[in-house]
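Proteins come first, then strands; the chains are lettered A, B, ... in the order of their sequence lines, and each starts at number 1.
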Amino acid sequence: MKSLRTPADEAEACAIQDELRTRVVLDEPGPPPGTGFVTGVDVAYDDERDLVAAAAVVIDAATLAVVEEATAVGRVAFPYVPGLLAFRELPTVVAALESLTTDPGLVVCDGYGQAHPRRFGLASHLGVVTGLAAMGVAKNPFTFTYEQPDHHRGAVSPLLDGTGEEVGRALRTQDGVKPVFVSVGHRVSLDNACAHALRLAPAFRLPESTRAADTLCRRALHEAIGTGFGTTT
DNA sequence: GCGACAG
DNA sequence: ATCTTGTCGC
């Protein structure tokens, strides 16, 4: 496992991203859509108690059946700063992934990979740190621009940065519903990332993997609070 | 210089 | 992210 240190400030965080970015692998196609395992990860916060709960849910890519679930709870190690999300979420997410007994396969993150101010979003960071194939599916376009994809499910349009370069794709996963924003993280092509995202979302806007992880991390957070995790007495 | 800004 | 009732619809 590579370094996943918590920076002292934003400047150091950016420096770490610039350094780790050189280790991102973008020339691998990744696992074929519909085969092997896909793992959704997500986190939930309780700022009052300074807690963060993460969940990792392994899903069979062909049937979308849940194969294994894992959770981890920890302290919030970094504030929310757009562009530096990884330092806030990854420590706990990686802990959850490490407690799995199943090979995670392709990891699907809530957020971005290449679609990032320094081309090193959450999904890229997770991929480099764990060595796993990783991609991001976000609910918002962040600072990027895009043309509205065609009305039907499966339609896509490029997600562009200020230079006009494609950093990801707006993907319509349900007819007439707001698209999701897919970008590559590590060891997977953009075409395959989009194909995976579409297959993972047969009934709802968001992939089943992130829906399952979202539900699980919220439950883990509440259970941690009920157990008195963040209590001093 | 002043916003905007993944979760 | 998170705080939150009822309500519309399959």
**Asked** Once you round it to whole Å, what is the distance between P of C:dA1 and CG of A:Asp42?
**Response** 7 Å
**Asked** Atom NE2 of A:His222 and atom P of C:dA1: how far apart are they, to the nearest Å?
**Response** 13 Å
**Request:** Verify the contact: side-chain N or O of A:Tyr45 to OP1 or OP2 of B:dG7, cut-off strictly under 4.0 Å; return yes or no.
**Result:** no
**Message:** Base, sugar-phosphate or nothing for A:Gly83? Non-hydrogen atoms, less than 4.0 Å.
**Reply:** base
**Item:** Out of B:dC5, B:dG7, C:dA1, whichever nucleotide has its closest atom nearest the side chain of A:Pro82
**Value:** B:dC5
**Candidate pair A:Asp46 and A:Leu221, rule side chain to side chain contact (heavy atoms under 4.5 Å, CB included), full reasoning** = CA-CA 8 Å; A:Asp46 182 66; A:Leu221 180 63; 4.1 Å; yes
**Prompt:** To the nearest Å, how far apart are A:Leu206 CG and C:dA1 C1'?
**Reply:** 14 Å
**Prompt:** Looking across every strand, which nucleic acid part, if any, lies under 4.0 Å from A:Ala115 by heavy atom: base, sugar-phosphate, or nothing?
**Reply:** nothing
**Message:** Does a side-chain N or O of A:Asn140 approach OP1 or OP2 of B:dC5 to a distance below 4.0 Å, or not?
**Reply:** no
**Message:** Without decimals, in angstroms, what is the distance between A:Leu85 CG and C:dT2 C1'?
**Reply:** 15 Å
**Asked** Passes ring-ring contact (aromatic ring centres under 6.0 Å, His included), A:Phe144 versus A:Phe181? Steps please.
**Response** CA-CA 10 Å; A:Phe144 306 97; A:Phe181 304 89; 9.7 Å; no
**Request:** Mark yes or no: A:Arg88 above the aromatic ring of A:Tyr45, with NZ or CZ under 6.0 Å from the six-membered ring centre and no more than 45 degrees from the axis.
**Result:** yes
**Prompt:** A:Asp50 CG to C:dT2 P: how many Å, rounded?
**Reply:** 15 Å
**Request:** For A:Leu84, report the nucleic acid contact type (base, sugar-phosphate, nothing); a contact means any heavy atom under 4.0 Å.
**Result:** base
**Complete:** Which of B:dA6, B:dG7, C:dT2 is nearest the side chain of A:Leu122? It is B:dA6
**Item:** Distance in angstrom units between A:His116 NE2 and B:dA6 C1', rounded
**Value:** 9 Å
**Item:** side-chain N/O A:Arg218 vs C:dT2 OP1/OP2, d < 4.0 Å
**Value:** yes
**Asked** Taking atom C1' of C:dA1 as reference, at what distance in whole Å does atom NZ of A:Lys139 sit?
**Response** 9 Å
**Item:** Strand contacts (DNA chain B) in residues 141-165 of chain A, 4.0 angstrom heavy-atom criterion
**Value:** A:Phe142, A:Thr143
**Request:** Mind calculating the distance between CZ (A:Phe78) and P (B:dG7) to the nearest angstrom?
**Result:** 18 Å
**A:Phe87 ring center within less than 6.0 Å of A:His125 ring center** = yes
